[in-house]
Asks: 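Here you go, one structure.
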Amino acid sequence: MATASAFAVPGLAPAHVRATAAGAAAKRSGSRIASSVRIARRIATVRCQGVKPDSVDDSMDDSNTFQGRKGTTRDYSLDDDEIRMATQAEAASKLDGSFGKPATSKEVWVPFQAAARAALLASYVDSADSGAAADLVLNSLFIAQEDDAFASRTSVVLPVTAYVKRVDKLVTEFMQRDYPKLQEAGTVSTADVITALEEYLYEQNSYRTPKGWREMYSPYRTYFHNVVAQKVGIPATLAALYIGCVNRLDARGVLPDGVEVLIQRNTSGGGSAGVSGPAAPWGIVAGSKRPSNAVVCTPIMAITLQLSALKRSYWPWEWDEARDSGVLPAVEAAAYSGDNRMNTAAGVVGIIQPSGRAFGDLPMATLATERLLQLAGGIGTEQRDLGVLEFHNGNFKEALAHLEAFQQWTDAGHAGSAPQLVGDGGDPGVGVGSTMVTAALQAREDLALSKLLLLLRKRSLEESLDQK
């Protein structure tokens, strides 16, 4: 059974690993912090030689006392700053009623989430060049930063600057160790630098793609900070790293010509963590002839593919490999929920399924779909998917608004002109039988969507009448 925990997400490092002293204290439960403060205040009265004054209860555990190297109890007291930080941490920390885990208040983590979303959209939606000049490394980290804030309810924001510096360090090391060898050999053309960079990333540093399709759909292999640390990532995230290195090398003036970063087309018809096949990205000199099974990965494509992979990873329902979509079981569960609760949301348990999803998470799938819709300009199939997700989240007004907008979009004939990403068409060698199956599935999807719209409109009308 898939769960929809909003507090522990695979692929995101625990917040306490990144915390400062105050941040680490904020992640502990309030009762533990309060106890520590009380013990410290009591111990402050304890004098040397282990003598306990009358104010200290004999039942107090001696293991909590502060002792010197000779085993004798020493004077210790909290200063005003330590007491203040512990008190603030205790106030900010609370226990979530569903899972009993500590979580900070919304006033703490929501600004982190909002800032990361705004920064991402500012680069690719609000900019005139659609993100061509933006730092792809930084924007990839904004995806992880937002998800980390939302999922862990953290009081310490994900340090994106630290991971940007790790990429800067990679490029600096390449320039100090590998580029001088090219200069000595007199081979400093763009093609030579690209070859050396790929040898540095994939051979010396052992960056690689996942070994199988199942591993492709893990958030561990998608979030940029995890990929940089674990050196295993989906092609889209590795492409973000590759492009980030190329941009930094270009800024240093060592690339005479432009570079295009390629990712492999998916021709297996088996789905692809967004769209690209499980092969590491590679570079060519701009304008060179590229293989027929490759496509140029632009910054906006790399971001979109990372979000698509996260959506696929967190999608709580079964995913149709041939159609590269999981909306059919989701919309049928919504439309026919009155007759069958299977595949519907059930409180904190998640989606009730006949077969579970390893990382299925309804709130996180919603988060990824929201950003995909915003990057697509607020229209397209992502609006349909978000509408279905909002229904399962219990947000019926939002669901109706999205599904009606999607219906208007399809009625206007735009669905046929929607851009296809790499591999969206599946296997080019499919037969007539497969086409008939796809058509039958599409008919089921259309019928369920119509029924769901009818249910939502009926609910909306009933609510408006009740208000009168």
Side-chain angles (χ1 to χ4, degrees), residues 109-151 157-158 160-161 163-164 222-225 234 236-237 239-241 243-244 246-247 261 263 273-276 295-314 363-390 393 395 398-399 401-406 408-410 412 414-415 417-422 424:
W109 61 266
V110 166
F112 297 156
Q113 179 191 1
R117 175 77 64 92
L120 179 67
L121 297 180
S123 295
Y124 296 104
V125 177
D126 303 330
S127 66
D129 61 357
S130 299
D135 186 358
L136 182 54
V137 169
L138 184 60
N139 283 288
S140 297
L141 285 165
F142 284 144
I143 296 176
Q145 188 179 57
E146 177 177 356
D147 285 7
D148 177 67
F150 177 83
V157 67
L158 186 74
V160 297
T161 304
Y163 289 98
V164 172
T222 303
Y223 288 119
F224 190 89
H225 67 301
I234 65 171
T237 309
L241 174 62
I243 293 173
V246 166
N247 290 342
V261 178
I263 55 177
V275 287
S276 57
V295 64
V296 176
C297 184
T298 62
I300 185 63
M301 180 185 289
I303 290 293
T304 301
L305 297 189
Q306 290 178 63
L307 287 171
S308 297
L310 289 173
K311 175 185 173 182
R312 165 70 193 272
S313 299
Y314 290 128
M364 296 301 294
T366 304
L367 208 62
T369 308
E370 283 178 356
R371 285 170 288 185
L372 283 169
L373 179 60
Q374 290 174 311
L375 291 175
I379 57 174
T381 56
E382 299 297 343
Q383 195 151 43
R384 171 203 62 196
D385 294 359
L386 184 57
V388 175
L389 290 170
E390 291 290 20
N393 281 317
N395 302 322
E398 291 81 356
H402 286 301
L403 291 177
E404 285 186 332
F406 173 73
Q408 294 174 2
W409 181 73
T410 54
H414 298 303
S417 60
Q420 285 193 343
L421 296 176
V422 188
D424 278 354

Asks: State which residues pass side-chain contact (heavy atoms from CB on, under 4.5 Å) with Gln408; sequence neighbours excluded, sorted by chain then number.
Replies: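 For Gln408 there are no side-chain contact (heavy atoms from CB on, under 4.5 Å) partners, ignoring immediate neighbours.
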Asks: If we count only N and O atoms by modelled type, under 3.5 Å, do the side chains of Asn139 and Ser123 hold a donor and an acceptor together?
Replies: yes
Asks: Which pair of non-hydrogen atoms, one from Leu141 and one from Leu158, has the smallest distance, and what is that distance?
Replies: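 In this case the closest contact between Leu141 and Leu158 is O-CD2, 4.4 Å.
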Asks: Shortest non-hydrogen contact from Leu372 to Ser308?
Replies: CD2-OG, 3.7 Å
Asks: Enter the distance from Arg384:CZ to Leu373:CG here, rounded to the nearest 0.5 Å.
Replies: 12.0 Å
Asks: Step by step, work out the side chain to side chain contact (heavy atoms under 4.5 Å, CB included) result for Asp148 and His225.
Replies: CA-CA 11 Å; Asp148 177 67; His225 67 301; over 6 Å; no
Asks: Could you tell me how the ring of Tyr314 sits relative to the ring of Tyr223: parallel (under 30°), tilted (30 to 60°) or perpendicular (over 60°)?
Replies: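 It falls in the tilted class, 30° to 60°.
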Asks: Check Leu241 against Phe224 and note the closest heavy-atom contact, atom names and distance.
Replies: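 Here Leu241 and Phe224 meet closest at N-CE1, 3.7 Å.
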Asks: Would you name the heavy atoms of His402 and Gln383 that are closest together and state the gap between them?
Replies: O-CG, 3.3 Å
Asks: Glu404: what forms a salt bridge (charged side-chain N to carboxylate O under 4.0 Å, His left out) with it, not counting sequence neighbours?
Replies: Arg457
Asks: What distance do Asn247 atom CG and Asp135 atom CG have between them, rounded to the nearest 0.5 Å?
Replies: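 These two atoms lie 7.5 Å from each other.
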Asks: Nearest 0.5 angstrom please: Ile379 CD1 to Trp409 CH2, how far?
Replies: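 Taking CD1 in Ile379 and CH2 in Trp409, the distance rounds to 6.5 Å.
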Asks: Could you pull out all residues at least two apart from Gln374 that satisfy side-chain hydrogen bond (donor to acceptor under 3.5 Å, both in side chains)?
Replies: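 If we apply the side-chain hydrogen bond (donor to acceptor under 3.5 Å, both in side chains) test to Gln374, skipping adjacent residues, the hits are Arg117.
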Asks: Report the distance from atom CD of Glu382 to atom OG1 of Thr304, rounding to the nearest 0.5 Å.
Replies: 9.0 Å
Asks: Atom CG in Leu375, atom CG in Leu120: separation rounded to 0.5 Å?
Replies: 5.5 Å
Asks: Listed by chain and number, what are the side-chain contact (heavy atoms from CB on, under 4.5 Å) partners of Thr366, not counting sequence neighbours?
Replies: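 With sequence neighbours excluded, Thr366 shows a side-chain contact (heavy atoms from CB on, under 4.5 Å) to Leu362, Glu370, Leu386, Leu389, Glu390, Asn393, given in chain and number order.
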Asks: Met364 vs Leu310, test: side chain to side chain contact (heavy atoms under 4.5 Å, CB included). Steps then yes/no.
Replies: CA-CA 8 Å; Met364 296 301 294; Leu310 289 173; over 6 Å; no
Asks: Restricting to side-chain contact (heavy atoms from CB on, under 4.5 Å), what partner residues turn up for Val110, sequence neighbours left out?
Replies: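 side-chain contact (heavy atoms from CB on, under 4.5 Å) list for Val110, sorted by chain: Lys106.
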Asks: Measuring only between side-chain heavy atoms, which start at C-beta, is Leu367 closer than 4.5 Å to Gln113?
Replies: yes
Asks: So, using side-chain contact (heavy atoms from CB on, under 4.5 Å) as the criterion, who are the partners of Ala302 when residues are at least two apart?
Replies: Leu136, Cys297, Gln306
Asks: To check you understand the geometry: which heavy-atom pair defines the closest contact between Ala116 and Gln145, and what is its length?
Replies: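 Minimum heavy-atom contact is CB-OE1, 3.4 Å.
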Asks: Which atom pair, heavy atoms only, marks the closest approach of Ala149 to Trp109?
Replies: O-CE3, 3.6 Å
Asks: Roughly how far apart are Thr381 OG1 and Phe406 CZ, rounded to 0.5 Å?
Replies: 7.0 Å
Asks: The criterion is salt bridge (charged side-chain N to carboxylate O under 4.0 Å, His left out); which residues satisfy it with Arg371, sequence neighbours excluded?
Replies: Glu146, Asp147
